[in-house]
> 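Dumping the structure here so I can ask a few things about it.
Not measured: the values here are computed from a predicted model. Each chain gets a letter, A, B and so on, in the order the sequences are listed, and its residues count up from 1.
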Amino acid sequence: MTPPVTSAETQAMIDDVLSAYPPKVEKDRQKHVKPNDPGGAKECEVKSNVKSRPGIMTLRGCAYAGSKGVVWGPIKDLISISHGPVGCGQYTWGTRRNYANGQLGIDNFTVMQITSDFQEKDIVFGGDKKLAAILDELVEVFPLVKGVSIQSECPIGLIGDDIDAVSTAATKRLNMPVVPVKCEGFRGISQSLGHHIANDAIRDHVLGTREIAEQTPYDITLLGDYNIGGDAWASRKILEDMGLRVIAQWSGDGTVNEMATAHLAKLNVLHCYRSMNYIATTMEERYGTPWTEFNFFGPTKIVESMRKIAEFFDDTIKEKTEAAIARYQPFFDKVRETYRHRLEGKTVMLAVGGLRPRHTVGAYEDLGMEVIGTGYEFAHKDDYTRSYPELKQGIVVYDDPTAYEMEEFTRRLKPDLVGAGIKEKYVSHKMRTPFRQMHSWDYSGPYHGVEGFAIFARDMDSAVNSPSWNLFDAPWANSKKS
Amino acid sequence: MSTNPDALVVRDHNTLFKGPEYQEQRERKKQFEAGSSPAEVDRVAEWTRSWEYREKNFARKDLTINPLKACQPLGAVLAALGFAGTLPLVHGSQGCTSYFRGHLARHFKEPVPTVSSSMTEDSAVFGGLSNLIEALGTAVHVYKPDMVAVSTTCMAEVIGDDLQNFIANARTKGAISETIPVPYAHTPSFVGSHVLGYDNMLRGILSYLTEGKKGASNGTVNIVPGFDPYVGNIRELKRLLSLLGVKHAVLGDHSDSLDSPATGEYHMYPGGTPLAVAADSINAIATVFLQPFGSKRTRETVDGWAGETVTVNPPIGIGSTDAFITEIARVAGVAVPDEITAERGRLLDALTDSHAYVHGKRVAIAGDPDFVTGMLGFLLELGMEPVHVLATNGDETWANQTRELLAASPFGRQATVWPGKDGWHLRSLVLTEPVDLIVGATHLKHLAREADVPLFRAGFPIFDRHHLHRFPIYGYAGGLALLTQLVNLFLDELDRNAPDHSFDIVR
């Protein structure tokens with residue numbers, strides 16, 4: 001079957017795939033899966049940011065994942081306590097690859113699992129006393145810790161614990177920010193509310209509480225880069241090459257101090273809109289700090305974004321930006337020269353969190369690849385509005401796709417590459433479909449920035465052109481038929 | 001490959017950030033971090049390796065750091081995957097299910113189909129009944145399982161959802177048929193660990209499927225592996241039972257569910273114990289449990305069956321495998337074939353060949369209680385000397401039995417057993433009383449690096465090495481696999497650290 005190219009063909013495929021659902025579910029899913037219209041026609045808008053149907057095998061996680069896993073966890077000199085039973089912290093222990101410099105367990109607490117390990121008695125009698133005791137023990141065992149966040153797991157909000165009171169008392173007692181975060185997994189409908197809650201907690205407890213000695217007109221904050229495989233370092237390099245001074249990184253390889261001083265930036269540059277637009281808006285309202293979105297995946301978007309950011313500054317920055325672009329160009333050309341002929345015309349299906357299903361499209365196109373299906377786990381309407389123009393007419397856009405839909409669209413569209421998460425990876429491999437994890441960069445990276453593009457290209461090539469895909473058929477497979 | 005000097009050199013995170021431009025960036029960033037001074041960091045780091053710190057660390061009462069255990073419903077999902085056509089359904093918040101699927105997928109490198117009832121804030125108020133009914137209805141309609149095995153997250157447990165009642169309701173309301181089996185287990189995350197969750201779910205499945213099936217003996221021996229992260233173990237057990245000529249049923253068998261061939265087609269339910277076999281397991285002549293601590297709940301149920309109940313240690317190494325084979329031969333009334341004796345001899349032969357490189361090595365070991373006990377048996381046979389023995393999810397009973405095992409060997413007498421302690425305790429133990437080797441799962445890698453000793457990866461979860469779980473560590477074949485990896489790990493270390501004159505051609 002050739003992949004559908006017109007909206008009508010895509011709609012027919014969607015109808016067929018969704019017809020396997022019970023009628024109520026089918027009707028609901030129809031609103032979430034549409035052929036793309038780059039102009040954003042009303043009838044092609046997908047519904048988003050609503051509950052997943054129970055039992056449908058959603059790819060989504062929870063608010064705790066959005067808060068601890070995404071926003072707070074990467075802050076390296078602060079300890080995020082997974083407050084509640086042992087599991088949540090265990091499953092997020094070191095798996096996201098938000099890199100940080102520093103000595104683990106001494107002045108860097110990222111790849112650690114620190115938990116109140118709730119037992120039955122804590123559920124019955126409440127965990128506030130235990131939490132207070134934990135905070136006291138924490139500073140004894142980790143004397144260089146600079147702050148604490150309390151990441152609430154489901155039971156906390158259900159048993160009526162008052163982590164606000166415990167945190168307020170501890171902030172005074174320990175003389176450092178102790179931040180209560182009410183990101184229980186049952187709140188909201190995905191990771192997304194967790195991002196929002198996490199942003200608000202930083203706003204209420206850390207942001208704007210410290211100063212920096214000397215300011216410059218070129219001070220910026222890098223928002224929404226979690227330093228997956230070193231992404232933020234690669235991004236920071238470009239920003240510094242442009243002559244800008246990055247005073248804070250949120251939150252990959254970030255520190256409490258950077259959270260506290262970010263308000264002094266002259267501009268906030270925002271990579272992951274979905275997870276940090278809240279704090280960008282807050283700083284705009286509170287401090288009048290302008291903010292701009294950017295995209296550091298692949299040459300086209302990198303160059304476009306550099307110029308867009310430079311527009312906020314004077315000619316010094318603009319000149320440095322153009323000089324940097326000129327320096328990068330031969331490298332970009334070489335990457336394309338090396339990989340493009342191997343990837344030209346290859347098709348890609350994506351399903352990632354709240355940014356990459358649109359932000360990586362340009363990087364694929366820089367390599368001559370074509371995105372033929374994409375969608376988000378937890379995006380909102382404003383993310384989709386930003387996506388439609390980036391995508392070709394008629395390709396399938398799926399919001400909160402289910403395991404069944406991913407499998408069926410893969411089967412029907414036969415993409416040359418699927419980019420999604422660990423839960424989808426091995427299904428794709430069984431189906432003889434090359435795959436890259438697009439949350440963790442499949443243990444590679446960085447994918448952001450100048451060098452990141454080469455790594456991205458190398459990895460996509462290694463997936464698409466692995467000889468293993470040609471070995472699936474046993475030589476005797478056809479002769480076995482009776 | 002190209003020898004073109006202008007060819008693109010791709011540097012990823014492993015090398016890129018070592019470059020001067022990134023090292024300078026790192027230094028520049030420090031002015032905004034308000035971090036501790038390098039001298040202060042070094043001082044504290046050194047102090048945390050001291051006996052003084054160890055005492056402070058062990059004085060912790062409420063704080064848990066790097067625990068080596070997961071939560072109950074994770075185990076419940078694995079138990080469910082041990083049965084044919086079975087879809088695990090976890091009743092509660094949906095994030096948990098995503099975590100279980102990811103965690104197991106990272107270890108097994110396989111798809112892990114599991115659905116959630118996706119409870120949200122309104123379920124916290126009204127209960128999760130309607131969520132569970134819809135989840136059952138939709139999951140059965142779309143994913144067409146032969147059985148759905150329901151477990152719970154802490155959310156469902158805290159609000160007190162009643163699975164038995166809810167599932168009955170789902171049938172009454174017509175969301176699912178009257179006939180599809182839907183066993184369940186309450187698996188609160190704030191009790192026990194993933195091991196208990198496996199046990200509870202297995203008991204739930206067996207109780208459900210065997211109800212009313214009591215009949216004449218079927219001549220079968222049941223094998224209950226428990227939470228077993230090695231699909232190779234289950235395959236090895238089946239091979240041994242076949243060699244012994246014993247009709248057997250593995251309860252449950254996730255070896256094909258979590259190690260299916262790549263064919264170009266995805267099958268959601270590629271293996272598992274057939275439900276009819278599980279239903280008939282009540283009529284076995286005997287049920288053999290391979291995890292004394294990991295199968296307690298299931299054994300309570302099976303004790304009520306007609307056949308004999310036998311519990312052995314996990315068959316790791318010679319003595320434990322001998323005990324396992326002896327018990328199987330006894331309950332099945334068969335003689336041990338020469339082929340098995342020859343296998344035993346081959347492992348022993350290899351052991352005598354390699355013993356010099358492992359003898360006397362000081363070892364720290366951590367992991368799930370039965371895994372630790374099983375591995376200890378083999379380490380002692382190798383003349384290795386366990387020093388620190390730790391199980392976060394082990395209790396005092398486990399500790400006492402493990403102490404007895406250790407005391408029985410001259411190589412085990414210096415060991416100290418630590419039930420309920422975590423990975424940060426282990427760090428203090430290893431840094432104050434050094435060892436030559438750490439045996440355990442991936443999360444101990446930071447400690448191994450800091451202590452500058454190799455980590456022998458065994459147990460669960462292993463995320464950062466590939467395919468170890470596809471090979472057995474059980475049986476004589478498993479012993480040979482373990483020995484081979486172990487001795488070569490030491491030989492690699494010898495070579496890596498050898499002065500030129502000692503870089504020997506023959507070892």
> Is B:Leu87 in contact with chain A via its backbone, its side chain, both, or neither, using a 4.5 Å heavy-atom distance?
side chain

> Answer yes or no: is there a side-chain heavy-atom contact under 4.5 Å between A:Glu451 and B:Val10?
no

> Below 4.5 Å from any heavy atom of chain A, which atoms of B:Gln31 appear? Answer side chain, backbone, both or neither.
side chain

> Determine which residues belonging to residues 18-25 of chain B lie within contact range of chain A, meaning some heavy atom pair is under 4.5 Å apart, and list them by number or answer 'none'.
B:Glu21, B:Tyr22, B:Gln25

> Between A:Ile56 and B:Val115, is there a side-chain heavy-atom distance shorter than 4.5 Å?
no

> Salt-bridge test for A:Arg53 and B:Glu134: reply yes if a basic N is under 4.0 Å from a carboxylate O, no otherwise.
yes

> Do A:Lys51 and B:Ser118 have a side chain donor and acceptor closer than 3.5 Å?
no

> Taking atom types as modelled, find out whether A:Lys24 and B:Thr138 have a side-chain donor-acceptor pair closer than 3.5 angstrom.
no

> For B:Phe463, what residues pass the ring-ring contact (aromatic ring centres under 6.0 Å, His included) criterion, not counting sequence neighbours?
B:His103, B:His443

> Is any side-chain heavy atom of A:His429 closer than 4.5 Å to a side-chain heavy atom of B:Glu110?
no

> Between A:Tyr99 and B:Phe17, is the gap from one ring center to the other below 6.0 Å?
no

> Under 4.5 Å from any heavy atom of chain A, what part of B:Arg60 do you find: side chain, backbone, both or neither?
both

> Measure B:Ser260 against the heavy atoms of chain A and call it side chain, backbone, both or neither at under 4.5 Å.
both

> Of all of A:Gln191, A:Glu424, A:Arg432, A:Lys76, which one pairs up most often with chain B through heavy atoms under 4.5 Å apart?
A:Lys76

> By a 4.5 Å heavy-atom criterion (distance strictly below it), what part of B:Leu16 contacts chain A: side chain, backbone, both, or neither?
side chain

> Given a strict heavy-atom distance threshold of 4.5 Å, which part of B:Asp122 is in contact with chain A: side chain, backbone, both, or neither?
side chain

